[in-house]
Enquirer: 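Structure in structure tokens, see below.
Given the structure is predicted, the values throughout are model-derived calculations rather than measurements. Note on naming: letters A, B, ... go to the chains in the order of the sequence lines (proteins, then strands), and numbering restarts at 1 for each one. What you see below is based on every heavy atom in this structure, not just the backbone, and it leaves out hydrogens, waters and symmetry mates.
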Amino acid sequence: AQSVAQPEDQVNVAEGNPLTVKCTYSVSGNPYLFWYVQYPNRGLQFLLKYITGDNLVKGSYGFEAEFNKSQTSFHLKKPSALVSDSALYFCAVREVGGLTGGGNKLTFGTGTQLKVEL
Amino acid sequence: ETGVTQTPRHLVMGMTNKKSLKCEQHLGHNAMYWYKQSAKKPLELMFVYSLEERVENNSVPSRFSPECPNSSHLFLHLHTLQPEDSALYLCASSPWDRGEQYFGPGTRLTVT
């Protein structure tokens, strides 16, 4: 069964500093990997995904993530954090192939609360 | 916010009530999903519909009953819920067999 681990419940960073939110995964085959962000009282918002190709994936709002197959990691990064980046971040994984009959099944991590301070 | 809307945004119901949550997507997607989000727990996938057919039921109690009348609408019918069912219920949609899902804002449900 596929699984995702986000080892940090909270990450604190000063505005202007680089940020990293960690994610490791476990799947039996090749993974599709995703990052989502959730602001208070809102749904999850898609940030970026890795399916194949370049290990460095660029997404929305200046975020990027690096896929590392040997370490089974997909860490989210941003070179310079903003106070407005403060939110809950979720990593998710899907096995290639999807569900029989269509659709796909994502497994989410428990989330990491990012706090960016002035 | 996104092309996925959910109503109501907040719902308080007693354990003997019957209510329904509604989700509508305006993205032309083929698959729709219900998730439950509780504090300090991973998102729990409840149901998946693809082309209006249920393709996944993740061992959800029968007091939750989904309905997908067409590819744009998804309902979650609720009856005789328990206090532990209080949570944020999120609806999502995706293109056929594509990875990313697009989420609605959620319905905050409180069972008293």
Side-chain angles (χ1 to χ4, degrees), chain A residues 1-7 9-10 23 25-27 30-53 57 59-60 65 67 74 87-113, chain B residues 1-7 9-10 21 23-25 27 29-59 66 68 71 74 88-108:
Chain A
Q2 57 200 41
S3 65
V4 173
Q6 293 182 244
D9 288 341
Q10 182 160 320
C23 172
Y25 67 90
S26 174
V27 294
N30 291 319
Y32 287 7
L33 293 157
F34 307 85
W35 276 102
Y36 286 83
V37 61
Q38 186 177 31
Y39 296 97
N41 301 313
R42 305 281 286 275
L44 275 69
Q45 197 172 322
F46 170 68
L47 275 180
L48 52 81
K49 67 180 179 183
Y50 171 83
I51 295 179
T52 187
V57 179
S60 307
F67 172 65
F74 188 57
L88 187 59
Y89 289 81
F90 290 94
C91 182
V93 65
R94 194 207 98 171
E95 289 192 37
V96 174
L99 289 166
T100 301
N104 59 79
K105 184 174 180 178
L106 298 184
T107 299
F108 286 84
T110 50
T112 298
Q113 185 69 48
Chain B
E1 175 176 337
T2 69
V4 181
T5 58
Q6 290 186 243
T7 54
R9 294 292 308 275
H10 300 272
L21 309 185
C23 175
E24 186 172 358
Q25 59 98 359
L27 301 169
H29 291 166
N30 311 100
M32 296 187 77
Y33 311 78
W34 279 117
Y35 287 89
K36 177 183 179 182
Q37 185 178 25
S38 304
K40 307 294 184 186
K41 294 176 70 174
L43 262 72
E44 299 173 50
L45 178 65
M46 300 175 72
F47 302 104
V48 181
Y49 275 82
S50 179
L51 295 177
E52 302 143 46
E53 295 293 323
R54 191 189 310 178
V55 298
E56 181 86 355
N57 177 346
N58 218 22
S59 303
C68 188
S71 60
L74 185 65
L88 182 68
Y89 288 84
L90 292 165
C91 174
S93 69
S94 72
W96 178 273
D97 205 34
R98 277 259 306 276
E100 68 270 25
Q101 296 173 14
Y102 294 85
F103 285 78
T107 295
R108 174 68 63 185

Enquirer: Could you look at Tyr39(A) and say if it's the side chain, the backbone, both or neither that has a heavy atom under 4.5 Å from chain B?
Expert: neither
Enquirer: Locate the shortest heavy-atom distance separating Leu90(B) from Gly43(A); write the atom from each residue and the value.
Expert: CD2-CA, 4.0 Å
Enquirer: Kindly say whether Gln101(B) contributes a backbone atom to a donor-acceptor pair with the side chain of Tyr36(A) at under 3.5 angstrom?
Expert: yes
Enquirer: For Ser38(B), give me all partners under side chain to side chain contact (heavy atoms under 4.5 Å, CB included), at least two apart in sequence or on another chain.
Expert: Lys36(B), Lys41(B), Glu44(B), Ala87(B)
Enquirer: Taking the side chain as every heavy atom from C-beta outward, state whether Leu106(A) and Leu45(B) have any atom pair closer than 4.5 Å.
Expert: no
Enquirer: Find the distance between CD (Gln45(A)) and OH (Tyr102(B)) and round it off to the nearest 0.5 Å.
Expert: 10.5 Å
Enquirer: Any chance you could measure Leu44(A), atom CG, to Glu100(B), atom CD, to the nearest 0.5 Å?
Expert: 13.5 Å
Enquirer: Side chains of Leu88(B) and Gln38(A), heavy atoms from C-beta outward: is any pair under 4.5 Å?
Expert: yes
Enquirer: Closer than 3.5 angstrom, by distance alone: can the side chain of Arg108(B) be matched with the main-chain N or O of Asn41(A) as a donor-acceptor pair?
Expert: no
Enquirer: Determine, stepwise, if the pair Phe46(A) / Phe103(B) fulfils ring pair (Phe, Tyr, Trp, His ring centres under 6.0 Å).
Expert: CA-CA 8 Å; Phe46(A) 170 68; Phe103(B) 285 78; over 10 Å; no
Enquirer: Stepwise, does the side-chain contact (heavy atoms from CB on, under 4.5 Å) test hold for Phe108(A) with Gln37(B)?
Expert: CA-CA 11 Å; Phe108(A) 286 84; Gln37(B) 185 178 25; over 6 Å; no
Enquirer: State which residues pass side chain to side chain contact (heavy atoms under 4.5 Å, CB included) with Thr107(A); sequence neighbours excluded, sorted by chain then number.
Expert: Gln2(A), Val93(A)
